[in-house]
Amino acid sequence: MKNKPEHENTETASLSSPPKETVTLHINGEAKQLEVEPWTSLLDLLRDHLNLTGTKKGCDHGQCGACTVLVDGKRINSCLTLAVMKDGTKITTIEGLAKDGELHPVQQAFIDHDAFQCGYCTPGQICSTIGLINEGKAKTLDDIRDLMSGNVCRCGAYTNIVKVVQEALERSQQR
Amino acid sequence: MRSFTYTRANDVANAVDEVSAEKESKFIAGGTNLLDLMKIQVERPSHLVDITRLALDTIEETAEGGLRLGALVTNADTAYHEQVEKRYPLLSHAILAGATAQLRNMATDGGNLMQRTRCYYFYDTDTPCNKREPGSGCSAINGYNRDLAILGTSEHCIATHPSDMAVALAALEANVRVTGKAGERVIPFSEFHRLPGDTPHIDTNLKPDEIITAIDLPAKGFADHYTYLKLRDRASYAFALVSVAAALDLDGDTVKEARVALGGVAHKPWRIPEAEALLKGKPATRENFQKVAEAYVQGAKGYGHNDFKIELAKRAIVRALLQAKEMEAKL
Ligand SMILES: Cc1cc2nc3c(=O)[nH]c(=O)nc-3n(C[C@H](O)[C@H](O)[C@H](O)COP(=O)(O)OP(=O)(O)OC[C@H]3O[C@@H](n4cnc5c(N)ncnc54)[C@H](O)[C@@H]3O)c2cc1C
Ligand code: SF4
Ligand code: FES
Ligand code: FES
């Protein structure tokens, strides 16, 4: 799965660029009106245009989950989403989880359980955990492993990540 | 990614007009396959028609007692829909065996059927591939072909269709509803995807100006005896080497009707109604299941690395049918 060498992309630049589209996105509770080129992924918009670099780019192809964010409460891969298509939606990124200076319980649990090493996959893991709880489908440890399989951790912190998800799930069931 | 213009369709007629207006235009739904391929320039549309705001996002009863799945319902919402879980658990299981939670939240039912092959050469724009570039040759036939097809292949292409959902829909004999310039039509599932022949760049019988509006499930859902068996290199989040959607209608131990569809072995979900009919009126035994399995791989051809799939497919069919039969015992 190779990308074309840089110079072959220059045909893009020589064409007159199609007009930018205006979209309104509600990002972490704040409405933002933005001008985007149609091919800008939601991930690139967050990172490169809004400087919300907590959401990570791992593979850019839907395979690793580092770019997981919540759109209207559902977890998705922001790398395979065009920003322009999400006009009018509510987007929550890792930056939007802490409230009043207090970490989201899932964030705190990742620290308490030492559920990361390098931390690169962690924002995606946290958003995915919250999405999993919103979905309410995971019942067993095997369910957790299966439903978190879209979040790869190259450091192999899986054992503790599963513990966090299990604990978060139990907490959500007590409420 | 090549630059493109973008428009958001507000109804089906508008979507069809928009996609016909420009030669290199495409619909975009979940985007999970199209954007992946656009990033590596395998797909290079100049115009995208966003269909996600069309009112095709509901699941409804049909007059015939079945269910109509709107083309824009997500794979996750379909798999977890109460009526689908209850009446068509084979479909729920097949969908949940594919991709990841994130991707299933984005992927749509229409887009799932239209997803393109995972043949590595198709993805590698530095190698010949008849599907990507007609007439350039097929790198897989004499290359690394472990994941590729053993049935219905041609000398021009041995790619497989990667969808899990489609395998269940084939077994359930779903119908695909489409609308184009010439109006509406219904395509039986067995005729939706096609074999590669000498035009492997065409995956389906959908015309370029046609949009899938819905997938209709017939009343009969085989909810008592079914299995989706997906064999792959790891237990989660991988495409099938071989998969089997098996469904049985039993009267005691006697088979009234059997359905078997295979994934991972051909350019389309593979079904042989004559082989299924071997079970009609016969006891649901391993011996009889083995006869069906033999009939399914008649004429199968390996290309070296994928030779193992022939034996794997046979065993998977027998295991899937046994699992489908034994369900009651488990309840
Ligand atoms: C990492 C990864 C792993 C995956 N694993 C699996 C797996 O194990 N099993 C599996 O089955 N799938 C798997 N998939 C594939 C996934 O299921 C498909 O990408 C998805 O179903 C496509 O749906 P979409 O709505 O995102 O389509 P899009 O990407 O939006 O579109 C795909 C194609 O369909 C066309 N299209 C979309 N909707 C319509 C319509 N209504 N009418 C006509 N044409 C239409 C588009 O023009 C485009 O050509 C995986 C994908 C990824 C990225
Ligand atoms: S098998 Fe089909 S998709 Fe793969 S290289 Fe050959 S022509 Fe291309
Ligand atoms: S960066 Fe989106 S899934 Fe890897
Ligand atoms: S903590 Fe390093 S990739 Fe997960």
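Proteins get letters first, then strands, A, B, ... in listed order; numbering begins at 1 in each. Note that the structure is predicted; figures quoted are calculated from it, not measured.
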Where on B:Arg234 is there a heavy atom nearer than 4.5 Å to chain A: the side chain, the backbone, both, or neither? neither

Interchain contact, A:Leu132 with chain B, by part (heavy-atom threshold 4.5 Å): neither

Exercise: identify the closest heavy-atom pair between A:Glu21 and B:Tyr6: OE2-O, 3.6 Å

Would you mind reporting whether A:Asp87 and B:Arg53 have side-chain heavy atoms less than 4.5 Å apart? yes

Using side chain to side chain contact (heavy atoms under 4.5 Å, CB included), reason through B:Gln102 and A:Asn151 one step at a time and then give a plain yes or no. CA-CA 9 Å; B:Gln102 285 96 319; A:Asn151 293 85; 2.9 Å; yes

Can you measure from CE (B:Met1) to CG (A:Asp44) and round to the nearest 0.5 angstrom? 8.5 Å

If you compare all heavy atoms of A:Trp39 against all heavy atoms of B:Ser3, which two are closest, and at what distance to 0.1 Å? CZ3-CB, 3.4 Å

Value for CE (B:Met106) from CG (A:Leu80), rounded to nearest 0.5 Å, stands at 5.5 Å

So CD1 of A:Ile76 and OG1 of B:Thr74: to nearest 0.5 Å the spacing works out to 12.0 Å

Heavy-atom cut-off 4.5 Å, strictly under: side chain, backbone, both or neither for B:Thr32 against chain A? both

Heavy-atom proximity to chain A below 4.5 Å, by part of B:Ala97: neither

In terms of heavy-atom pairs under 4.5 Å, which option from A:Val71, A:Asp146, A:Asp60 contacts chain B the most? A:Asp60

To check you understand the geometry: which heavy-atom pair defines the closest contact between A:Gly62 and B:Leu103, and what is its length? O-CD1, 3.7 Å

Going from CG on B:Leu35 to CG on A:Asn77, what distance comes out if it is rounded to the nearest 0.5 angstrom? 11.5 Å

Side chain proximity check, B:Lys39 to A:Cys79, heavy atoms < 4.5 angstrom: yes

Crowding at CZ, B:Arg232 (>12 non-hydrogen neighbours, <6.0 Å): yes

Indicate yes or no: does A:Lys74 engage B:Asp77 in a salt bridge with an N to O separation below 4.0 Å. yes

Evaluate the side-chain proximity of B:Asp50 to A:Val84: yes if any heavy-atom separation is below 4.5 Å, no if none is. no

Give, as side chain, backbone, both or neither, the part of B:Leu34 having an atom under 4.5 angstrom from any heavy atom of chain A. neither

Can you tell me if B:Asn105 uses its side chain to pair, donor with acceptor, with the backbone of A:Arg75 under 3.5 Å? yes

